[in-house]
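By convention in this document, chain letters (A, B, ...) are assigned in the order of the sequence lines, proteins followed by strands, and residues within each chain are numbered from 1.
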There are 2 protein chains.
Amino acid sequence: MTVSRVINNTGRISESTRARVKQVMEELNYVPNSMARSLVKQETKMLSLLITDITNPFYTTLARGAEDTAMRNGYKLLFGNSDEDYAKERDYVDMVLSTRADGVLFAPAGDGSAEHLRMLQRRNVPFVILDREVPGIEADHVLGDSREGARRLVEHLLDLGHTRIAMVGGRQDVSTARLRYAGYLEALKLADIPFDPALVHDVGYTAVEGMAFVDDLLSAEAPPTAVFAANNFLALAVIRALRVRDVRVPDDLSVVCFDDFGESIALDPFLTVARQPAYEFGSLGMQLLIERIQGAAGAAPRKIVLPSELVVRQSSAAPPGVV
Amino acid sequence: MTVSRVINNTGRISESTRARVKQVMEELNYVPNSMARSLVKQETKMLSLLITDITNPFYTTLARGAEDTAMRNGYKLLFGNSDEDYAKERDYVDMVLSTRADGVLFAPAGDGSAEHLRMLQRRNVPFVILDREVPGIEADHVLGDSREGARRLVEHLLDLGHTRIAMVGGRQDVSTARLRYAGYLEALKLADIPFDPALVHDVGYTAVEGMAFVDDLLSAEAPPTAVFAANNFLALAVIRALRVRDVRVPDDLSVVCFDDFGESIALDPFLTVARQPAYEFGSLGMQLLIERIQGAAGAAPRKIVLPSELVVRQSSAAPPGVV
DNA sequence: AAAAAATATGTTACCGATAACCCTAAACTA
DNA sequence: TAGTTTAGGGTTATCGGTAACATATTTTTT
């Protein structure tokens, strides 16, 4: 008990015993057992961040934002990676529940994550949802302006003179994929361009393979002159697929996408993108989470929508034949 | 107790009570408290991975390798990021000790990490050191062939006809930085090129700023025609600094470096690099760690040295004036 | 049918910390 | 001087599991 008082600076301790305790702690390399403490305090000072793709710079940057903010508030952060896979996500939720994290920053794999989020709700584990909304779940959110951003990207292509614009989208059980699709449609509608379903292909956000449809696009009667990819990895996959087929970007075909790549890594940023403030996704989300844990937040769920920024680079240009 | 037996499938339980317990568990959304379990079992099934730069693709790829292997063996993995900072590293070690991780995969910030590793040793926490050796610490290691790889990179430059080759190195309290420097010297020596200390500059591995010395290099009497950077981020920093000064790579100056960038991210890999098998660093390290934890390893420390692969790309070419 | 063995479940103590309460000696008050 | 504070520190119970042992049923053996 006396030791506990010294460690936590609580109660009254004479300077002499305090010193003695500290010295013995030093001698024995004593480190308090945080599990024992958590067991009685019913609080772990551990938070958890679940992302869907640890190789995507959007998420690693987000992770840094979350970690920095957690650290500053005296929390440790546990990372997890669901790989866009509901089964892994479920395992991760089990783990979070059994380790009794004080809260979770949750980037859901998709609409099917509702079940997992409800598990958290039932156990009263506070959480904040990042990046993707999940129908049926009321909670704090930090989101991007997927619809708006998509519209702006497509409008950028329209402004350049494109009229046949293909879209490569994510799985339709992911809210951002739906909204980006909606933004795409909206831009076409506003410009009075007829919608051609043959130009739209949905693959997973990480589907680097499965680019066979590119052949269909290219060999179509009226092939597209531009492609809007719903995220950064899809754009890369498309560009690689085009290169294999000797299609030049942007000379033959323009490509734009959502999400940038890490600035620290890219030497020659090439893609025209809607850049999302990834770091802020993490730091703001963490802030909301900590407020909620500490009871500083009202009952009503809060929703933060972060604007994206249109960054025009070389991958988008006027369609062939147009000056 | 009966519940415990059902959960762990130990002892004898009648099918009827087993079913009853399971049903009630379901109803109550019961999840066992892993802290309580760890407290009595003196085992957490949690491992810890400390890396020095979470934004570097070398480490994130390594992290995946470690995570996959941990997962397959029934362990959870906690990530930490020291930012090449001894103070943060120390905090992290404290955290590891207090959370009672069963073991640690440790990428040390430098020679000063010895103190932290000794803390782990004193508490009998098994660990495996990744990427960098720490003088005075005996332990399992997974390392790259820094010296060898550096020599090959420099020899590649020599083969192209370069004789004035600058080196931008990491902090000299990091073993890989020393070895890469040694490899550089060795290559020069083998080729009978006199060593010019004016061509060598040491900055931190993450020192993206502090590229002022580039001016000195360029304005020198006999400026270098090639630069060997001790890691990927240094190479990027150098190239950026060169661009600002209108020096073209590789036309005016060749640049090569250790460590590749994530293949998934780079659209047009440009740099000539010594690529290290980052994923294997993580997976092999994890394997060593788990063997040690489970007592399957002999007392003697094991040391795995993974070869790097010379990947020649566009950033290296013959010096100006040479065909 | 009594003893032995097997099966199914219950008890107790403990892991290492902390909350809540208790105790002792010195210092202070009336 | 007796009574009351106060400082300093000790005790006990508890968090939620599990090891080790104990008990109560059946089933099997002789």
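- For B/Ser14, a side-chain nitrogen or oxygen approaches OP1 or OP2 of C/dT9 to under 4.0 Å.
- A straight line from CE of B/Met35 to C1' of D/dT14 spans 14 Å, rounded to a whole angstrom.
- Across all strands shown, B/Arg37 has heavy atoms under 4.0 Å from sugar-phosphate atoms exclusively, and none from any base.
- A straight line from CD of B/Glu15 to C1' of C/dA8 spans 12 Å, rounded to a whole angstrom.
- Contact check on A/Glu291 versus A/Arg302 returns a salt bridge, with a Lys/Arg side-chain nitrogen under 4.0 Å from an Asp/Glu carboxylate oxygen.
- Put simply, B/Gln42 has no side-chain N or O that comes within less than 4.0 Å of OP1 or OP2 on D/dT18.
- The CD1 atom of B/Ile13 sits 17 Å away from the P atom of D/dT25 (whole-angstrom rounding).
- Comment: B/Glu133 engages B/Lys303 in a salt bridge, judged by a side-chain N to carboxylate O separation of less than 4.0 angstrom.
- Comparing B/Ala36 and B/Thr10 against DNA chain D, the residue whose closest nucleotide sits nearer the 5' end is B/Ala36.
- Using a cut-off of 4.0 Å between Lys/Arg side-chain N and Asp/Glu carboxylate O, A/Asp111 and A/Arg178 are scored as salt-bridged.
- Using a 4.0 Å cut-off, no side-chain N or O of B/Arg12 falls inside it from OP1 or OP2 of C/dA8.
- Taking for each of B/Arg18 and B/Leu39 the nucleotide of DNA chain C with the nearest heavy atom, the 5'-most of the two is the partner of B/Arg18.
- Contact check, A/Lys41 against C/dA19: a side-chain N or O comes under 4.0 Å of OP1 or OP2.
- For the pair B/Asn8 and D/dT18, the criterion of a side-chain N or O lying under 4.0 Å from OP1 or OP2 is met.
- Here the side chain of A/Tyr30 is nearest to one of C/dA17, C/dA19, D/dC15, namely C/dA17.
- A salt bridge links B/Asp140 with B/Arg292: the distance from a Lys NZ or Arg NE/NH1/NH2 to an Asp or Glu carboxylate oxygen falls below 4.0 Å.
- OP1 or OP2 of D/dG17 has not a single side-chain nitrogen or oxygen of B/Ser4 nearer than 4.0 Å.
- The side chain of B/Thr2 sits closest to C/dG10 out of C/dA17, C/dG10, D/dG17.
- Taking 4.0 Å as the cut-off between side-chain N and carboxylate O, A/Asp83 and B/Arg64 count as a salt-bridged pair.
- Considering only side-chain atoms of A/Thr17, the nucleotide from C/dT9, C/dT18, D/dG9 that sits closest is D/dG9.
- Considering only the side chain of A/Met1, D/dT11 comes nearest among C/dC15, D/dT11, D/dG9.
- Taking only distance into account, the side chain of A/Arg5 never meets the base of D/dG8 through a donor-acceptor pair shorter than 3.5 Å.
- The separation between B/Lys45 atom NZ and D/dG17 atom P is 19 Å, rounded to whole Å.
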